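Since the structure is predicted, the reported quantities are computational estimates derived from the model, not experimental observations. Below, each value reflects all heavy atoms present in this structure, side chains not excepted, and no hydrogens, waters or symmetry copies.
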Amino acid sequence: MDDRLESFLRSKIRSAGRQYADAKRAYASARQTALADLPQDEEGKAKIVCRRYAERRAVELDREARPDCFDPEHPDCEGCVRDVRDGRIETW
């Protein structure tokens, strides 16, 4: 009985690991697609409209799709990051 239980648990853990890896790949792919669709200036910076200051900016985005002006304490910045990731950020 112990061998069957151990085998069952291993198969479930492997299955969960595969599902996690698939979800992680899908998220990374969607993020890269959203970033690739943003217009860029000649230096490769994303051309977005800042939600916090309502101004045009050319910004570098980090691996988590956050502009270099990102302030984690400000709700407009959080909304900006969500919009970038969802591909609905205002651009110029």
What is the minimum heavy-atom distance between Val81 and Pro67, and which atoms define it? CG2-CD, 4.0 Å
Arg10: which residues meet the side chain to side chain donor-acceptor pair (under 3.5 Å) condition with it, sequence neighbours left out? Glu6
Between atom CG of Asp76 and atom CZ of Phe70, what is the distance when rounded to the nearest 0.5 Å? 11.5 Å
Please answer: with hydrophobic residues joined when any side-chain heavy atoms are less than 4.5 Å apart, are Val59 and Ile89 in the same cluster? yes
Once rounded to the nearest 0.5 Å, what's the spacing between atom CZ of Arg82 and atom CZ of Arg51? 7.0 Å
Quick one: CD on Glu55 to CD1 on Ile48, what's the gap to the nearest 0.5 Å? 10.0 Å
Is the shortest side-chain heavy-atom distance between Cys69 and Arg57 below 4.5 Å? yes
So, Lys45 and Asp41, do they make that salt bridge, N to O below 4.0 Å? no
How long is the span from the CZ atom in Arg14 to the CD atom in Gln19, to the nearest 0.5 Å? 13.5 Å
With side chains defined as the heavy atoms from C-beta onward, is the minimum distance between Arg66 and Arg85 less than 4.5 Å? yes
On a heavy-atom basis, which atom in Lys47 and which in Thr91 lie closest, and how many Å separate them? O-CB, 3.2 Å
A side-chain contact here means heavy atoms from C-beta on lying under 4.5 Å apart; do Leu61 and Leu38 qualify? yes
Donor-acceptor under 3.5 Å (Arg56 side chain, Trp92 main chain): no
Looking at Glu78 and Pro72, what are the two nearest heavy atoms and their distance? OE2-O, 3.5 Å
